[in-house]
Amino acid sequence: MIRILVVGIALLLTKVAVADDAIAQLSERVKMKTQVMVLGSAHLSTIQEPLAADALQEVLEPLAGFKPTAIGVETLRPEDIIAMQHGSEAYQPILQQFVGTRLQTLAEQQQQTLAVTASQALAAMHELLAEQSLDSAKRLQLLQYAIAGYATDTAALQWHYLHRQAPQDSLSSELVDYLNRLTSTNNERNSVAAALAQRLQLNRIYPIDDHLDKDMYAPVVERLMPSYMASEYMKTLQASDYITKPEQLKQAGLERGEWLPLFQWFNSEAYQQQVINTDRTAFVDKDLDPESALARFALWEVRNLNMTSNIMRVVTEHIGGRVVIVVGANHKVFLERYLANMIAVELVQFNDLIAEE
């Protein structure tokens with residue numbers, strides 16, 4: 001019986017290996033590949049004082065040299081926002097946290113002004129983005145449709161191109177204030193992605209984040225919290241190099257204007273190993289309740305798998321091109337693991353660009 005079981009397992013593993021090899025060979029035969037760089041970043045919005053306009057110059061220069069044809073950021077897709085608005089009640093706190101009442105109100109106002117639904121606004125936005133050139137009037141129109149369709153990063157990019165000015169009465173004072181805040185924040189969506197897009201004259205920034213797992217999130221976290229609060233490992237984690245080193249590098253950036261080392265660290269192999277072996281291991285084999293901890297990890301993977309799917313949507317529009325995805329650094333190792341299995345995707349590392357300079 002044992003011998004039969006061993007033979008069965010061996011045959012199964014052989015079949016898996018053959019399938020993996022066949023997929024690898026298929027990937028090698030593609031006629032063109034799309035280069036994808038997952039840029040791990042700190043969440044720079046946590047920095048209170050405004051960054052200087054040229055603070056991230058050393059980060060942006062190698063990215064501009066890579067010449068991406070598309071840029072993605074860690075924000076919700078408009079289509080998902082619309083779905084969540086009409087979905088489970090569990091999504092309402094997520095919409096409040098990651099979209100906000102202010103944007104939802106401004107979007108509804110623009111929908112009324114333009115006499116469109118959010119979906120119709122997105123369709124109109126895509127039509128404008130397909131045009132070869134955009135003058136100021138078309139950029140203003142694009143901005144209006146983008147806000148009506150919850151595409152905030154593309155709207156903010158147009159506001160940059162319009163030099164944060166619009167004809168009188170074309171936009172409400174509330175919307176102007178909102179756009180001014182979006183385009184002056186330290187958030188990496190603005191300070192890295194939008195700044196890079198402007199250098200390359202790109203007209204769109206793609207949202208690739210996902211929170212559709214949150215309809216299952218609350219009960220899992222409720223079961224996890226007792227062991228999480230009592231965990232000795234989680235207490236030691238807060239004092240570990242995984243937490244303290246990024247803060248030290250961030251402080252060096254604030255004091256000396258040296259931001260490149262922070263991005264180099266977040267995109268290093270050493271940091272990616274810490275994400276796995278210091279951070280995420282807490283949910284696998286430490287002192288948390290196993291069932292709820294693994295359920296929480298499963299939801300983390302759901303989110304990253306959905307983010308990977310959204311990245312592949314961007315790849316679909318840029319076959320043979322170059323894509324930069326700006327995300328929180330602890331997503332990078334998981335996104336790259338999944339993307340490495342995609343046909344015709346070639347991963348590119350930020351630190352390799354630095355080494356080539």
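From a predicted model like this one, the values you see are computed outputs, not experimental measurements.
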### Query
Just checking, any donor-acceptor pair under 3.5 angstrom between side chains of Y233 and D287?
no

#### Entry: Donor-acceptor pair between Y206 and E317 side chains, under 3.5 angstrom
yes

### Message
Between N304 and T308, do the side chains contain a donor N or O and an acceptor N or O under 3.5 Å apart?
### Response
no

### Message
Do Q251 and E255 pair up side chain to side chain, a donor and an acceptor below 3.5 Å, judged on atom types alone?
### Response
yes

### Task
Please determine which of V326, I71, L202, I205 meets the side chain to side chain contact (heavy atoms under 4.5 Å, CB included) test together with L196.
I71

### Message
I'd like to know if the side chain of Q274 pairs up with that of D279 as donor and acceptor (distance under 3.5 Å, no hydrogens or angles considered).
### Response
no

### Query
Cut-off 3.5 Å, side chains only: do Q273 and E269 have a donor facing an acceptor?
yes

### Message
For a quick check under 3.5 Å, do N306 and S309 share a side-chain donor-acceptor pair by atom type?
### Response
no

### Query
Can you tell me if E108 and Q112 form a side-chain donor-acceptor pair at under 3.5 Å?
no

### Message
So, applying side chain to side chain contact (heavy atoms under 4.5 Å, CB included) with Y161, which one of H163, R164, Q158 is it?
### Response
Q158

### Query
Quick one: are the ring centres of Y242 and Y271 less than 6.0 Å apart?
yes

### Task
Answer with yes or no whether the side chains of Q264 and E58 bring together a donor and an acceptor at under 3.5 Å.
no

### Query
Are Q109 and S172 linked by a side-chain donor-acceptor pair shorter than 3.5 Å?
no

### Message
Does any part of the side chain of V327, heavy atoms only, come nearer than 4.5 Å to the side chain of L39, both counted from C-beta?
### Response
no

### Message
Regarding E301 and Y338, do their side chains bring together a donor and an acceptor under 3.5 Å, going by distance alone?
### Response
yes

